[in-house]
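Ligands are counted one by one from 1 in listed order, and the atoms in each one are counted from 1 as well.
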Amino acid sequence: MSTGNRSAKALLTPITDDLMYLGAVFAEEADFRPDPERAHEQLAERLTAFEGPVAEALSQVKDPAGVVYSRISQVTVEEPWHVGRVVLAGDAAHASTPHLAQGAAMAVEDALVLAQSLDSEEDVAGALAAWEARRRPRAMFVQNLSRAILKQETGTPTTPEEDELLKIGIPGAAHVLVKPY
Ligand SMILES: Cc1cc2nc3c(=O)[nH]c(=O)nc-3n(C[C@H](O)[C@H](O)[C@H](O)COP(=O)(O)OP(=O)(O)OC[C@H]3O[C@@H](n4cnc5c(N)ncnc54)[C@H](O)[C@@H]3O)c2cc1C
C-alpha cells in the first residue's frame with residue numbers, strides 16, 4: 001500500500017505475518033542526516049499527517065536503529081556498459097529513484113537477458129552489444145519515468161519529455177513492463 005501528499009509519501013509492505021516494512025520518502029535539506037539517538041522520532045515527525053495503517057505501523061517503530069535513512073540518487077552510465085568481457089549491470093549501470101519500485105526487477109532482467117544474448121550470439125563482443133541494445137532503452141524508460149514521478153510528487157518543474165512520460169503513469173508503466181519485449 002502506498003499513500004502520500006506533496007511533502008511525504010509512505011509505503012507499507014508486509015514481510016511476514018508479524019513484520020511490516022514501512023518506507024517513507026520526503027524532501028530534506030542536502031546536509032540532513034538523522035540523529036542516531038532519535039531517528040524514529042524524526043521519522044514520526046515527518047509522517048504526522050498520516051493516519052490509519054501508516055500511523056499504526058509507525059507507532060511500533062521504537063528503536064532508532066530500526067530506521068535506515070538514505071538519500072535518493074540516480075546512476076546513469078552514458079558510456080557503454082561493457083568493456084572487453086566486463087559488464088556493468090543493475091544499479092551500477094542505471095540505478096533509478098524508487099518511484100516505480102523496479103530497480104531489482106531491472107537488475108534481474110539484465111542478468112537474464114545477458115544469459116540469453118550469450119546463448120544466442122556468435123561471440124562475446126556481439127552478445128554484449130546485443131544485450132546493451134536491448135537493455136538500455138528499457139532501463140532508461142524506468143529511470144526517466146521514475147524521476148519524472150519524483151519531480152511531480154515534489155512539485156519540481158518537469159520537462160516536456162517528462163510530461164509525455166507522466167501520461168503513462170505508474171499503472172501504465174506496469175502494463176508496458178509486463179509485456180514481453
Ligand atoms: C529501501 C529500498 C527499497 C527498494 N524497493 C524495491 C522494490 O520494491 N522493487 C524493486 O525492484 N527494487 C527495489 N529497490 C531497488 C533494488 O534494491 C536495487 O535496484 C537492486 O538491489 C539492485 O541490484 P544490484 O544487483 O544491481 O545491486 P545490489 O543489490 O546493490 O548488489 C550489489 C552487491 O555488490 C556488493 N558489493 C559492492 N561492492 C563490492 C565489492 N567491491 N566487492 C564485492 N561485492 C561488492 C554489495 O554488497 C551488494 O551485495 C529498493 C531499494 C531500496 C534501498
- Quick one: do E41 and R46 make a salt bridge, cutoff under 4.0 Å? no
- Task: Establish, from distance only, whether the side-chain atoms of Q143 and T76 form a donor-acceptor pair under 3.5 Å.
- Result: yes
- Message: I need the contact residues for ligand 1: any residue with a non-hydrogen atom closer than 4.0 Å to the ligand, ordered by chain then number.
- Response: Y21, G90, D91, A101, Q102, G103, A104, A105, A107
- Kindly indicate, with the supporting measurements, whether the criterion side chain to side chain contact (heavy atoms under 4.5 Å, CB included) is fulfilled by I72 and L150. CA-CA 10 Å; I72 289 179; L150 175 148; 4.0 Å; yes
- Task: Could you tell me whether E164 and K167 have a side-chain N and a carboxylate O separated by less than 4.0 Å?
- Result: yes
- Query: What class does the angle between the rings of Y69 and F32 fall in, given that below 30° is parallel, 30 to 60° is tilted and above 60° is perpendicular?
  - Reply: perpendicular
- Would you please indicate yes or no on a ring centroid separation below 6.0 angstrom for H94 and W81? yes
